[in-house]
Novice: 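Dropping the structure in here first, questions after.
Order of appearance sets the numbers: ligands from 1, and atoms from 1 within every ligand.
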Amino acid sequence: MNAYVADFSAPKDISRSRVEEYIFANSFDRPTLVIDTDRVARQFRALRAGLGQADIHYAVKANPAPEILHTLVGLGSHFDAASRVEIEMCLAQGARPEQVSFGNTIKKVSDIAWAHEVGINLFAADAEEELEKLAEHAPGAQVYIRLIVENCQADWPLTRKFGCAGDKAPALFAYAKELGLKPVGLSFHVGSQTRRAEMWGDVLDQVASVWANLKSEGHALDLLNIGGGFPAFYGQAIDAPEAYARQVMEMVQARFGDVARVMAEPGRGLVAEAGAIAAEVVLVSKKSENDLHRWVYLDIGRFSGLAETEGEAIRYQFATQRDHEAFAPCVLAGPSCDSADVLYERRPVELPVGLKSGDKVAIRNCGAYTSTYASVGFNGFPPLDVVVI
Ligand SMILES: Cc1ncc(COP(=O)(O)O)c(C=O)c1O
């Protein structure tokens, strides 16, 4: 992660996807995420082919656009919802309650009770109090225990906040049973944007050891939830989705043998490459004559959808109408009056030297974790608009 060496000699990819063509053929009065649901469907089919027997529970948080949910319902996807609103969105698009799991380990009791009432029967938990809440408000429900995993090699790690240590899992299993719940298995998240399938190995070893321990204590385990982590292309090489998913499943099979039910929760890997954002250059300037790089300010920034530029972790790719011109590095920033609203500075971005105010910029592979991260009116800027083609 600290190998911030810019590769300014890399050839520019000036081929355009359908959403990029749409962006350059239309005008927009504010930053707009353009989504291609055919591309979502293609990605779903590729992941399903690689995942084989595993059920796909799309992680709705990545992008809850109704058209995406509708497309996925039509393809037989299941859903991982983080809140009551996400469950409602899935049901509104025709998902059946038994196709939706409530995967957040931190749930309000009113949301648990509501979910149970509408027929949701599969919940995540990582703590005693969460099990008590479930036992009271969703009596008899199935629950899987989320584990913390270490040594994750993801670009966007999800360690620390969710999950319990492996040595706590047996006590939580026993407690769930005592409370009348059905503890069915384990879940984990390898970390979002895990670029290569081989990076799963160490994490799978950790989970497999907890799995074996639980079995040796006499617990019946029916469900392994392998979470998300499936990558999108942000300029660094990734494995193709089907091959990636197949390799992960081979690694799962090698460590866990035949598990009655495996579920995967891809978010980014399903929708990121189906979207691009139409943005505009607002200002190009230099702070002084000696400034090494220009500053390029866009009409979208950290608070209007590009939250994952935090720590320069996710490095979006850009397309402009000047991509045939010479390129030079620049610092890229958003439009707001917050100094945290600088997207890439430690490792500058290469953009055409002739770029100027008013130029359109397509931000590639932005279909995941953008629209829902946009603030509603920070500095008076409108939230990211969404258009589905
Ligand atoms: C429980 C859970 N499942 C799945 C996902 C989706 O992860 P990804 O977008 O890396 O596929 C997340 C992301 O935060 C998550 O918290």
Novice: Look at the aromatic rings of F28 and Y22 and report parallel, tilted or perpendicular, splitting at 30° and 60°.
Specialist: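 It falls in the tilted class, 30° to 60°.
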Novice: Taking atom CD as the centre, does Q321 end up with more than 12 heavy-atom neighbours from other residues, nucleotides or ligands that are less than 6.0 angstrom away?
Specialist: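 Counting other residues, nucleotides and ligands, CD of Q321 exceeds 12 neighbours.
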Novice: Which ligand 1 atoms, with their elements, are less than 4.0 angstrom from a heavy-atom of E265?
Specialist: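 Under 4.0 Å from E265, ligand 1 has these atoms: 1 (C), 2 (C), 3 (N), 4 (C), 5 (C), 6 (C), 11 (O).
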Novice: If you count the atoms of ligand 1 from 1 in the order shown, which ones are under 4.0 Å from a heavy atom of A59?
Specialist: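 What qualifies from ligand 1 is 4 (C), 5 (C), 6 (C).
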Novice: Check if H57 has a non-hydrogen atom at a distance under 4.0 Å from any atom of ligand 1.
Specialist: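 It does not, in that no heavy atom of H57 comes within the 4.0 Å cut-off of ligand 1.
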Novice: Taking NZ in K215 as the centre, count heavy atoms belonging to other residues, nucleotides or ligands within less than 6.0 Å. Is the count above 12?
Specialist: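 12 or below, so no.
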Novice: Are any of the heavy atoms in G269 under 4.0 Å away from ligand 1?
Specialist: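 G269 does not count as a contact of ligand 1 under the 4.0 Å cut-off.
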Novice: Just let me know how N104 lines up against ligand 1, side chain, backbone, both or neither, with a heavy-atom cut-off below 4.0 Å.
Specialist: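 Neither part.
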Novice: So which protein heavy atom does atom 11 (O) of ligand 1 come closest to, and at what separation?
Specialist: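 Looking at atom 11 (O) of ligand 1, the protein heavy atom closest to it is G267 N, 2.8 Å.
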Novice: Can you check whether W211 and F188 have ring centres sitting under 6.0 Å from each other?
Specialist: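 For W211 and F188, the ring centres are not under 6.0 Å apart.
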Novice: Among all protein heavy atoms in this structure, tell me which lies nearest to atom 15 (C) of ligand 1, with the distance rounded to 0.1 Å.
Specialist: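 Checking every protein heavy atom, the shortest distance to atom 15 (C) of ligand 1 gives K61 NZ, 3.2 Å.
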Novice: What about the rings of F173 and H219, do their centers lie closer together than 6.0 Å?
Specialist: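 When the ring centroids of F173 and H219 are compared, they turn out to be within the sub-6.0 Å range.
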Novice: Should the pair R302-D338 be classified as a salt bridge under the 4.0 Å nitrogen-to-oxygen rule?
Specialist: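 Not counted as a salt bridge, because no side-chain N and carboxylate O are separated by less than 4.0 Å.
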Novice: Evaluate whether atom NZ of K287 has more than 12 neighbouring non-hydrogen atoms of other residues, nucleotides or ligands under 6.0 angstrom away.
Specialist: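 Check passes, neighbour count above 12.
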Novice: Within ligand 1, which atoms have a heavy atom of R146 less than 4.0 Å away?
Specialist: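 Those qualifying, in numeric order: 1 (C).
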Novice: Give the atoms of ligand 1, by number and element, whose distance to some non-hydrogen atom of P266 is under 4.0 Å.
Specialist: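 Answer for ligand 1: 11 (O).
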Novice: If you have a sec, work out which protein heavy atom is nearest atom 7 (O) of ligand 1 and how many Å separate them, to one decimal?
Specialist: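 Of every protein heavy atom, H189 NE2, 2.8 Å lies nearest to atom 7 (O) of ligand 1.
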Novice: Give me the residue, atom name and distance of the protein heavy atom closest to atom 6 (C) of ligand 1.
Specialist: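 Of the protein heavy atoms, Y369 OH, 3.3 Å lies nearest.
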Novice: For G103 and ligand 1, does the shortest N/O to N/O distance drop below 3.5 Å?
Specialist: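 No, there is no polar N/O contact under 3.5 Å.
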Novice: Mark up the atoms of ligand 1 that fall under 4.0 Å of a heavy atom belonging to R268, in ascending order.
Specialist: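 Near R268, the atoms of ligand 1 are 8 (P), 9 (O), 11 (O).
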Novice: May I ask whether W156 has any heavy atom positioned less than 4.0 angstrom from an atom of ligand 1?
Specialist: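 The answer is no, since W156 has no heavy atom less than 4.0 Å from ligand 1.
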Novice: Would you check if there is a donor-acceptor pair between the side chains of D291 and S288 at a distance under 3.5 Å?
Specialist: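 Per modelled atom types, S288 and D291 side chains form no pair under 3.5 Å.
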Novice: Counting only heavy atoms, tell me which of A62, G228, S192 gets closest to atom 10 (O) of ligand 1.
Specialist: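 When every heavy atom of A62, G228, S192 is considered, S192 comes closest to atom 10 (O) of ligand 1.
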Novice: Where is the tightest heavy-atom contact between W156 and E310, given as atom of each residue plus distance?
Specialist: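 Shortest heavy-atom contact: CZ3-O, 4.0 Å.
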Novice: Within this structure, what is the CG-CD distance for the pair L223 and Q142, rounded to the nearest 0.5 Å?
Specialist: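 Between L223 CG and Q142 CD, I get 8.0 Å after rounding to 0.5 Å.
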